[in-house]
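To find a chain, count down the sequence lines: A is the first, B the second, and so on, and within it residues start at 1.
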Amino acid sequence: MDVILHCDANSFYASCEVVQRPELQGLPVSVGGDQEARHGIVLASTVEAKKYGVKTGMALWQARELCPRLIILKPDFRLYMEMSRRLRQMYQEYSPRVESYGLDECWLDLSEPGMTMTEGKHVADTLRERAKDELGLCLSVGVSFNKIFSKLGSDYQKPDATTVITQDNYKSIVWPLPVSDLMFVGPRTTLKLRQKMINTIGDLAATDANLLRGWFGKVGVMHYANANGLDRSPVMETGFESAIKSIGNSTTTPIDMLTCEDVKCVITLLSESVSTRLREAGLQGRCISLYLRDTDLKTVGCQITINHDTALCDDICKIAMDLFTHRGYQAMLPLRSAGVSVSTLRSTMTAVQLDLFGMTIRRDKLEHVERAVDDIRRRYGMQSVLRGNVMAQRAFSKINPYNDHVIHPVPWYAG
DNA sequence: TCTGGGGTCCTAGGACCC
DNA sequence: TCTGGGGTCCTAGGACCC
């Protein structure tokens, strides 16, 4: 029988902090993202903080208004990654197929001949006990016959609960829930569905699949299948990692970017981080994207595909700046946020064609220089080497996209 | 002074080639 | 010379996840 568990560590970031610092137990604690920028948000909160209405995604200043005593901590991703690793290690004792979904969620596939939902629930309860005893973390677990329903089950009751959704009871448990509870049904889709009088997952399940295809394309067909318990996407083998498709950094600056020089400074910093991360991953790419957000929060993105792969900061920065200047984005100044990313990636191991004009040699030299800088920065910190145009811009030079970025991959789209 | 940052996939239109 | 179909690549934008 197919038995799939979805384990969700409740308030993961905040809980990790409390585990490490027991004196915070019982106090309202939140972990805040990006406190240096103006619009830091709440990444996670303890139960005590939630009592005041503090929620994930809320601006930090709003959270402080709701709860003046709120203790706001800087995120410590090293700690979260370590706790995440220990959790996964525990899960792996129960299944050879443990698929991570972010740092705090996993699917476990217990399917095998003779397996039952009852046994699945037993494993779920055991995991919750062990997580509490051995790691100090609280889990909510969904047990079901597919990934979508097990995920829904782990959201159904929290914190610290197991929910079992079977072929026999899903119509009574799942169908009365609002459509927005279904994975991949976000705010926009919910709104569109509501306008068509489709409010519950049951309503969605009863809607003609072709109608949904007409409204939402192939994603609509996926919604139909998910609502009807027809999802059969596999839980990936432990250790499976999907290929990286893009590497990028973006940042909301401490003060608005007012001039082209400001923008250049920020784009330089972003490009340096992206370039270093590409080298670390052994990747290079040929599609360079620029993203900008102005003070009205209007965002635009543009991209260009060049005729060679690159991981050079020099290239990435120059091309991103070309996009900025040659497409009239100066008109968007002042800017609040900017991003640079590289996609259409290839492994550096893949052989490159040598050109006849010495370009390859020149690029090799540049790469040597950039690698040397990587090395110095690894040893003495990111600020140990700064470009001239960056050093000149005091307000932006302390932005550190490389250190701030969160390793938090969320692959898999059931489409 | 109102949602940060890092990703993935899908779609539609245009360009270009056969 | 004109027309149509099909495939692929590129770009912008939308939607979703944690």
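- Scanning for side-chain contact (heavy atoms from CB on, under 4.5 Å) contacts around A/Val18 gives A/Leu24, A/Gln25, A/Thr46, with sequence neighbours left out.
- Nucleic acid contact for A/Gln62: base, since at least one base atom lies under 4.0 Å from a heavy atom of the residue.
- Candidate nucleotides C/dC17, B/dG5, B/dC2 were compared by shortest atom distance to the side chain of A/Thr252, and B/dG5 ranks first.
- Rounding to whole angstrom units, CG of residue A/Asp8 and C1' of C/dC18 are separated by 10 Å.
- As judged by a 4.0 angstrom heavy-atom cut-off over every strand, A/Thr189 is placed among residues touching the sugar-phosphate backbone only.
- Rounded to whole angstrom, the span from the CG atom of A/Asp296 across to the P atom of B/dT3 amounts to 14 Å.
- Ranking C/dC16, C/dC18, B/dG4 by closeness to the A/Arg188 side chain, first place goes to C/dC16.
- C/dC16 sits 15 Å from B/dT3 when the C1' atoms are compared, rounded to a whole Å.
- DNA chain B is contacted by both A/Ile247 and A/Met58; A/Met58 maps to the nucleotide lying nearer its 5′ end (nearest heavy atom per residue).
- Seen from the ring of A/Trp215, A/Lys192 does not count as a face-on cation partner, given the 6.0 Å and 45° thresholds.
- Not counting sequence neighbours, the partners of A/Glu93 by the salt bridge (charged side-chain N to carboxylate O under 4.0 Å, His left out) test are A/Arg130.
- For A/Leu191 and C/dC16, the CG to P distance is 10 Å, given to the nearest whole Å.
- The nearest heavy atom of DNA chain B to A/Ala243 and to A/Gly57 marks one nucleotide each, and the one closer to the 5' end goes with A/Gly57.
- Look at A/Arg293 and you won't find any side-chain N or O under 4.0 angstrom from OP1 or OP2 of B/dT3.
- With rounding to whole Å, A/Glu65 atom CD is found 10 Å from B/dT1 atom P.
- Within the 4.0 Å cut-off from OP1 or OP2 of B/dG4, not a single side-chain nitrogen or oxygen of A/Ser337 is found.
- A/Thr252 places no side-chain N or O within donor-acceptor distance of the main-chain N or O of A/Ser337, the cut-off being under 3.5 Å.
- Within the structure, no pair that satisfies the side-chain hydrogen bond (donor to acceptor under 3.5 Å, both in side chains) test touches residues 174-187 of chain A, not counting sequence neighbours.
- Nucleic acid contact class of A/Lys55 (heavy atoms, under 4.0 Å, all strands): none.
- Residue pairs meeting the side-chain hydrogen bond (donor to acceptor under 3.5 Å, both in side chains) criterion with at least one partner in residues 197-212 of chain A, sequence neighbours excluded, are A/Thr200-A/Asp203.
- Across the protein-nucleic acid pair, A/Leu182 atom CG and C/dC16 atom P stand 12 Å apart, rounded to whole Å.
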Symbol by symbol from the 5' end, with Watson-Crick or G-U pairs under 3.5 Å, [ ] crossing and | another strand, DNA chain C is ....||||||||||||||
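- With sequence neighbours left out, the side-chain contact (heavy atoms from CB on, under 4.5 Å) criterion links A/Ser250 to A/Tyr291.
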Reading nucleotides 6-11 of chain C from 5' to 3' and marking B where a protein heavy atom lies under 4.0 Å of the base, S where only the sugar-phosphate is that close, and - otherwise, the string is ----SS
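- When the salt bridge (charged side-chain N to carboxylate O under 4.0 Å, His left out) test is applied to A/Asp315, the partners found at least two apart in sequence or on another chain are A/Arg363.
- A parallel orientation is assigned to the rings of A/Tyr80 and A/Tyr13, their planes being inclined by less than 30° (bins at 30° and 60°).
- Here C/dC17 presents its P atom at 19 Å from NZ of A/Lys245, a figure rounded to the nearest Å.
- Take A/Lys158 and apply the side-chain contact (heavy atoms from CB on, under 4.5 Å) test, not counting sequence neighbours, and it matches A/Asp8, A/Asn10, A/Ser140, A/Asp155.
- If you take CE of A/Met222 and P of C/dA15, they are 14 Å apart, rounded to a whole angstrom.
- The distance between atom CG of A/Leu270 and atom P of B/dG5, rounded to the nearest whole Å, is 9 Å.
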